[in-house]
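Just the heavy atoms: all of them, side chains too, but no hydrogens, waters or symmetry mates, feed the values below. Residue numbers run from 1 in the order of the sequence given. Both counts, for ligands and for their atoms, begin at 1 and track the order of listing.
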Amino acid sequence: MYDLPFFSEEHRLFGQTVRAFVDREVTREHVRHLDEQRLFPHEVFRKVAAQGWFGLGLPEAYGGQPCDAVTLALVHEALARHSLDIAAGFGLCLWGGSKIAAHGTEAQKQEYLPRLARGEARFSVSLSEPGAGSDLAAVRTSARDAGDHYVLDGQKVWASAADVEGNTIVMLVRTEPGSERHRGLSLLLVDRATPGLEFRKMPTLSRRILGTYEIFLTEARVPKSRVLGAPGQGWPMLLEYLDTERLFAAAGYVGNARTVVEDAVAYARQRVQFGRPIGGFQAIQHKLVDMQLRVESARLLVYQAAWLLDRGRPARREASLAKLAASEALAAVAAEGMQVLGGYSQLPEFDMERYFRDSRQTTVSAGTNEIQRNILAREMGL
Ligand SMILES: Cc1cc2nc3c(=O)[nH]c(=O)nc-3n(C[C@H](O)[C@H](O)[C@H](O)COP(=O)(O)OP(=O)(O)OC[C@H]3O[C@@H](n4cnc5c(N)ncnc54)[C@H](O)[C@@H]3O)c2cc1C
């Protein structure tokens, strides 16, 4: 782990612990197999749970271990070492758990948080719809009031890790009929086994380990006790978490990008052409130096944003900058990594093609980079 001025001694030790765990338990061979077979990482998450890390960031009263944003960024960075999906699956659970901790009823906290802290519960997040991507306020899936429950009809899309045993889907729906845009939206905790839900796994380029799903909802009944916060408060709750969502996604991108650079350097040192390692050619050296520059610059932005959040300071701008820099760093270094590895980059056993495929979704997920630039332009008074 490269040291940064944002880290305390505890951060350093913890970062080393998570990194050693990943090297031992989340090997590249294992994630390569999961990716090839499109299998959910149950075994990996059982091991993460055994470390108690699903409780990170959750209140102690429910079995969690409160911690700061730098610590959570370190976990995301390390878990993404060989696969972005491992960090993303962890991040989805943190997203669900932290929302319940902040806005849930006592009954919801009792029901979900201790199980999550023990690593027995899973969460996924379903906001997007066919007509509501960047423009999430266009969500149309309806939740009709039917006494003690809602009746859901509509279609969601791109719900990563949704059709997984024991999963709860945090779903954005419209609970006020006829409401427009940001009003009348609510977040519901929807059990994945609810009758009336039909899942279709999407044959995506990336995210093959977690899987990402279309969800078709036909008269699905969800108890009103599963509303998160108050009905109609979905939008403000979403806004509240944008900074951390972007920041932790960016930490994962940096973690994976560091592996890309390490792999490309290792390959350049051992691949011999024209009687010497290709790393001896200046064209390759400069490429590798530029890759390292991009990744280390993005990493500084990630931990700067985490450091600010930990001091209660505004970090909207910094979190967006970190998301932009980290996603574009990963996309760029993975593309360059393909070039450094030449023809062998195309083979699964060299892993670069997986990093390259996965990198293609980083500039789209967690708010597209065009939307990040819109946010940053507003911050600049434009
Ligand atoms: C692998 C993967 C996993 C995902 N997982 C999840 C998940 O778990 N849960 C979930 O809810 N969603 C998930 N998503 C969905 C993701 O959040 C959306 O893809 C994203 O919000 C963009 O929406 P869209 O794809 O409909 O693109 P669109 O919004 O249609 O955008 C298309 C293009 O137009 C640009 N654009 C749109 N509006 C503007 C504007 N105002 N200014 C400038 N440019 C603009 C976009 O930046 C983009 O380049 C996932 C997506 C992928 C690819």
S.K.: State the atoms of ligand 1, each with its element, that fall below the 4.0 Å cut-off from a heavy-atom position in Ser206.
M.R.: 1 (C)
S.K.: Has Ser327 got a side-chain atom pairing as donor or acceptor with Leu324's backbone, closer than 3.5 angstrom?
M.R.: yes
S.K.: With atoms numbered from 1 as shown, which atoms in ligand 1 lie under 4.0 angstrom from a non-hydrogen atom of Ser160?
M.R.: 3 (C), 4 (C), 5 (N), 6 (C), 7 (C), 8 (O)
S.K.: Quick one: which ligand 1 atoms are inside 4.0 Å of a heavy atom on Arg207?
M.R.: 1 (C), 3 (C), 5 (N)
S.K.: Output the list of atoms in ligand 1 that are nearer than 4.0 Å to some heavy atom of Ser128, sorted by atom number.
M.R.: 10 (C), 11 (O), 12 (N), 13 (C), 15 (C), 16 (C), 17 (O)
S.K.: For atom 44 (N) of ligand 1, find the nearest protein heavy atom and state the residue, atom name and distance (0.1 Å precision).
M.R.: Glu370 CB, 3.4 Å
S.K.: Check ligand 1 against Thr368 and write out every atom of the ligand that is under 4.0 Å from a heavy-atom position of the residue.
M.R.: 22 (C), 46 (C), 47 (O)
S.K.: If you have a sec, work out which protein heavy atom is nearest atom 39 (C) of ligand 1 and how many Å separate them, to one decimal?
M.R.: Ile371 CD1, 3.8 Å
S.K.: Is there a protein heavy atom at a distance of less than 4.0 Å from atom 41 (N) of ligand 1?
M.R.: yes
S.K.: Quick check on the 6.0 Å ring-centre criterion: do Phe45 and Phe40 meet it?
M.R.: yes
S.K.: If every non-hydrogen atom of His76 is compared with every non-hydrogen atom of Ala251, which pair is closest and at what distance?
M.R.: CB-CB, 4.0 Å
S.K.: Distance to 0.1 Å, residue and atom name: give those for the protein heavy atom nearest to atom 26 (O) of ligand 1.
M.R.: Gly133 CA, 3.3 Å
S.K.: Within the structure, does at least one protein heavy atom fall under 4.0 Å of atom 50 (C) of ligand 1?
M.R.: yes
S.K.: Does Ser126, backbone or side chain, put an N or O under 3.5 Å from an N or O of ligand 1?
M.R.: no
S.K.: Is at least one protein non-hydrogen atom found at under 4.0 angstrom from atom 32 (C) of ligand 1?
M.R.: no
S.K.: Suppose I only count heavy atoms of Ser365 and a 4.0 Å limit; which atoms of ligand 1 are within that range?
M.R.: 2 (C), 51 (C), 52 (C)
S.K.: Is there a nitrogen or oxygen of Trp158 sitting under 3.5 Å from a nitrogen or oxygen of ligand 1?
M.R.: yes
S.K.: If the test is side-chain contact (heavy atoms from CB on, under 4.5 Å), which one of Val340, Val265, Val295, Val333 qualifies with Val260?
M.R.: Val333
S.K.: Ile169: which other cluster members, linking ILVMFWY side chains closer than 4.5 Å, directly or transitively?
M.R.: Tyr150, Leu152, Met171, Val173, Leu188, Val190, Leu197, Phe199, Tyr213, Ile215, Leu217, Val222, Val227
S.K.: Are Arg32 and Asp35 close enough for a salt bridge, meaning some N to O gap below 4.0 Å?
M.R.: no
S.K.: Considering non-hydrogen atoms only, spot the tightest contact between Ile86 and Leu79 and give its length.
M.R.: CB-O, 3.6 Å
S.K.: Validate the cation-pi geometry between Lys99 and Trp95: distance from NZ or CZ to the six-membered ring centre under 6.0 Å, angle to the ring axis within 45°.
M.R.: yes
S.K.: Does a side-chain N-to-carboxylate-O contact under 4.0 Å join Arg140 and Asp153?
M.R.: no
S.K.: When Ile, Leu, Val, Met, Phe, Trp and Tyr are grouped by side-chain heavy atoms lying under 4.5 Å apart, directly or through other members, which residues fall in the same group as Leu205?
M.R.: none
S.K.: With a distance cut-off below 6.0 Å to the six-membered ring centre and an angular limit of 45° from the axis, does Arg122 pair with Phe54 as a cation-pi contact?
M.R.: yes
S.K.: May I ask whether atom 17 (O) of ligand 1 is less than 4.0 Å from at least one protein heavy atom?
M.R.: yes
S.K.: Does ligand 1 have any atom that is closer than 4.0 Å to a heavy atom of Val364?
M.R.: yes
S.K.: What part of Val125, side chain from CB on, backbone N/CA/C/O, both or neither, has a heavy atom under 4.0 Å from ligand 1?
M.R.: backbone
S.K.: Using a 4.0 Å cutoff against the non-hydrogen atoms of Leu127, which atoms of ligand 1 qualify?
M.R.: 10 (C), 11 (O)
S.K.: Taking heavy atoms and a distance under 4.0 Å, where does Asn374 meet ligand 1: side chain, backbone, both or neither?
M.R.: side chain
S.K.: Could you work out, for atom 28 (P) of ligand 1, the closest of Ser134, Gly91, Ala377 by heavy-atom distance?
M.R.: Ser134
S.K.: Kindly indicate, with the supporting measurements, whether the criterion side chain to side chain contact (heavy atoms under 4.5 Å, CB included) is fulfilled by Glu111 and Arg226.
M.R.: CA-CA 11 Å; Glu111 180 177 353; Arg226 299 297 164 97; 3.3 Å; yes
